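Have a look at the structure below before the remarks.
Sequence lines set the chain letters: A, B, ... in the order given, protein chains first and strands last, and positions in each chain run from 1. Just so it is clear, the model here is predicted, and its values are computed rather than measured.
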Amino acid sequence: MKIGELSLKTGVSIRSIRYYEEKKLIYPKRLENGYRVYSEEDVERVKAVQLFLEYFYKKLIFS
DNA sequence: TTTCTTACA
DNA sequence: TGTAAGCA
């Protein structure tokens, strides 16, 4: 799937998805035209990042 | 239309 | 993180 789909599927902004790649949290493949292609594994990893952030911010606020 | 990269009040 | 610009 392309970035637009992943964004809708996870609720994470396109901007953030690209940032996660920069941080090496996901490794999407590239099409001939340069478009990023995400696998189900990438979907799970993006979701995992959300879970971590939720935990991180809550801990930050209530500790 | 959608995505890509780069840059910025 | 969002948005704008100029391409493909």
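With rounding to whole Å, A:R36 atom CZ is found 17 Å from C:dA8 atom P. One can place CZ of A:R30 at 19 Å from P of B:dT2, the figure rounded to the nearest angstrom. The nearest whole Å value for the distance from the CD atom in A:E21 to the P atom in B:dT3 is 14 Å. The separation between A:Y19 atom OH and B:dC4 atom P is 18 Å, rounded to whole Å. Atom CG in A:L31 sits roughly 16 Å away from atom P in B:dT2 (whole-Å rounding). Separating the CG atom of A:L6 from the C1' atom of B:dT3 is a distance of 13 Å, rounded to the nearest angstrom. Atom CD1 of A:I14 is separated from atom P of B:dT1 by 16 Å (rounded to the nearest Å). Between the P atom of C:dA8 and the CD1 atom of A:I3 lies a distance of 20 Å, rounded to the nearest Å.
Checking C:dC7 for Watson-Crick or G-U wobble geometry (two distances, each under 3.5 Å) identifies no partner in any strand. Here B:dA9 sits opposite no nucleotide as a Watson-Crick or G-U wobble pair (both hydrogen-bonding atom distances under 3.5 Å).
Phosphate proximity of C:dT1 to A:S13: absent, as no side-chain N or O sits under 4.0 Å from OP1 or OP2. The side chain of A:R18 contributes an N or O atom lying less than 4.0 Å from OP1 or OP2 of B:dC4.
For A:Y19, the OH atom is loosely surrounded, since the number of other residues' heavy atoms within 6.0 Å does not exceed 12.
Proximity of A:Y38 to A:I17: side-chain heavy atoms (C-beta onward) are separated by under 4.5 Å at one or more points.
Residues A:L25 and A:R45 approach most closely at O-NE, 3.1 Å, considering heavy atoms. Closest approach of A:P28 and A:D42 over heavy atoms only: CA-OD2, 4.0 Å.
Along DNA chain C, the nucleotide closest to A:R15 and the one closest to A:Y35 are compared, and the more 5′ of them pairs with A:R15.
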